[in-house]
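Computed from a predicted structure; not experimentally measured. These numbers come from the heavy atoms of this one structure, side chains and all, not from hydrogens, waters or symmetry mates. Chain letters run A, B, ... following the sequence lines, proteins first and then strands; every chain starts at 1.
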Protein chains: 2
Amino acid sequence: MELTTFNALAEPSRFRIVDILLKGPMTVGDIAERLEIRQPQASKHLKVLLDAGLVEVKAEANRRNYMLRSEPFMELDSWLNNYREIWNERFDNLDEYLKKLQSEGNKPD
Amino acid sequence: MELTTFNALAEPSRFRIVDILLKGPMTVGDIAERLEIRQPQASKHLKVLLDAGLVEVKAEANRRNYMLRSEPFMELDSWLNNYREIWNERFDNLDEYLKKLQSEGNKPD
DNA sequence: TTTAAATATTCCTTTACAGGAATATTCCCT
DNA sequence: AGGGAATATTCCTGTAAAGGAATATTTAAA
């Protein structure tokens, strides 16, 4: 799992950019306008997202269309797999706890 | 989706703490030793994780046992749902592209 | 080839935050 | 009550990064 992914998403504007790009590719100016931030800031944030691999860009004449890449999200999903067992954990723990209690039944306290 | 979750996970030591806690609850001192960081830093990072709701703590005499909470991970998983369609996107896009081509067949260029 | 639009880059300032060292706090034990 | 272990907190310093303003760059069009 790439730490840069979390790093990129931790910043509010960048998080919103990713959210907006979910609806489709968008231009720098449109993104800036949508987020009510200035164009240079938008460019900077997009650069961070680009370096983190969260977005890709397709130059088209004057404009640059930014769009989401799927890989980081798949990677995030894959990383989450390790943690999915947590939300079954309580049952597992209860199970193990009962077994442990049983096996320790003859142990001197 | 809580930005604090990304923020908490963006820091290398905290990411490692979460990774380590996956194997089970652990004490502050053990975490510090395991990560080869100093105890105060461990406490500070754990405080951030605690405030972000990523971990919970159970005081036990002198020691404090930190363990993962499932909620933020479930929330992350739920957030990811919005993005899962991205990795089917290419097919959708191809589909739409073909339809568009067809509907534009009689358009003057 | 000049002009204008869209975007990127640079420089500056300010703020947030991580680490180090020292200290406070809490709890158990005798 | 006093001492020691485990943990939290505070203060300080350095650094990374975000925002603002100005400017550079690229491209299309006249």
Side-chain angles (χ1 to χ4, degrees), chain A residues 1-21 23-69 72 109, chain B residues 1-21 23-69 72 109:
Chain A
M1 180 64 210
E2 296 279 351
L3 275 190
T4 57
T5 301
F6 289 128
N7 191 43
L9 292 172
E11 208 280 334
S13 293
R14 287 198 293 265
F15 182 80
R16 294 184 61 205
I17 288 179
V18 169
D19 186 48
I20 283 182
L21 287 184
K23 297 169 188 167
M26 198 176 289
T27 247
V28 178
D30 288 347
I31 292 174
E33 185 182 11
R34 186 72 170 276
L35 264 61
E36 295 181 326
I37 61 180
R38 306 181 188 280
Q39 175 268 318
Q41 317 303 333
S43 280
K44 288 178 198 171
H45 284 312
L46 284 166
K47 179 176 173 55
V48 175
L49 290 172
L50 194 63
D51 291 344
L54 279 167
V55 302
E56 61 188 342
V57 62
K58 191 182 172 187
E60 201 168 326
N62 239 357
R63 323 224 162 149
R64 305 221 171 173
N65 267 285
Y66 283 86
M67 69 192 73
L68 291 182
R69 288 183 71 246
D109 100 88
Chain B
M1 179 64 212
E2 295 279 351
L3 276 191
T4 57
T5 301
F6 289 128
N7 191 44
L9 291 172
E11 207 280 333
S13 293
R14 288 197 291 265
F15 182 82
R16 295 184 61 206
I17 289 178
V18 168
D19 186 49
I20 282 182
L21 287 184
K23 298 169 187 166
M26 197 174 290
T27 247
V28 177
D30 287 348
I31 292 174
E33 184 182 12
R34 186 72 169 277
L35 263 63
E36 294 179 328
I37 62 180
R38 306 181 189 278
Q39 175 268 316
Q41 316 304 330
S43 280
K44 287 179 200 171
H45 284 312
L46 285 166
K47 179 176 173 54
V48 175
L49 290 172
L50 194 63
D51 291 345
L54 279 167
V55 302
E56 60 188 341
V57 62
K58 191 182 172 189
E60 200 169 327
N62 238 357
R63 322 226 163 145
R64 305 222 170 171
N65 267 284
Y66 283 86
M67 69 191 73
L68 292 181
R69 288 182 70 246
D109 99 270

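Listed by residue number, the members of residues 3-18 of chain A with any heavy atom below 4.0 angstrom from DNA chain C form an empty set. Contacts between residues 24-36 of chain A and DNA chain D, counted as heavy-atom distances below 4.0 Å, involve no residue at all.
Judged by closest nucleotide on DNA chain D, A:Arg38 is the one of A:Arg38 and A:Arg64 placed further toward the 5' end. DNA chain C is contacted by both A:Gln39 and A:Asn62; A:Asn62 maps to the nucleotide lying nearer its 5′ end (nearest heavy atom per residue).
The OG atom of B:Ser13 sits 11.5 Å away from atom CD1 of B:Ile31, with the distance rounded to the nearest 0.5 Å. Separating the NZ atom in A:Lys58 from the CG atom in A:Asn65 is a distance of 8.0 Å, to the nearest 0.5 Å. Rounded to the nearest 0.5 angstrom, A:Thr5 OG1 and B:Leu9 CG are separated by 11.0 Å. If you take CG on A:Leu49 and CG on A:Leu21, they are separated by 8.0 Å, rounding to the nearest 0.5 Å.
The interatomic distance linking A:Asn65 (CG) with D:dT26 (P) rounds to 19 Å, in whole Å.
Applying the side chain to side chain contact (heavy atoms under 4.5 Å, CB included) rule to B:Asp30 yields the partners B:Met26, B:Thr27, B:Glu33; only residues at least two apart in sequence or on another chain are considered. Legend: residues meeting salt bridge (charged side-chain N to carboxylate O under 4.0 Å, His left out) with B:Asp19, ordered by chain and number and at least two apart, are absent. Residues passing the side chain to side chain contact (heavy atoms under 4.5 Å, CB included) test with A:Pro12 are B:Leu3, sequence neighbours excluded.
Under the 3.5 Å distance criterion, the side-chain polar atoms of B:Arg64 are left unmatched by any main-chain donor or acceptor of B:Val57.
Here the range on DNA chain C touched by chain A, meaning any atom under 4.0 Å from one of its heavy atoms, is C:dA5 to C:dT10.
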Output a table of donor-acceptor pairs, distance under 3.5 Å, between side-chain atoms of residues 34-46 of chain B and any protein atom two or more places apart or on a different chain; print 'none' if there are none.
residue	atom	partner	partner atom	Å
B:Gln39	NE2	B:Ser43	OG	3.1
B:His45	ND1	B:Arg14	NH1	3.2

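Residue pairs meeting the salt bridge (charged side-chain N to carboxylate O under 4.0 Å, His left out) criterion with at least one partner in residues 45-54 of chain B, sequence neighbours excluded, are B:Lys47-B:Asp51.
Contact annotation: A:His45 side-chain N/O to D:dA17 OP1/OP2 distance is not under 4.0 Å.
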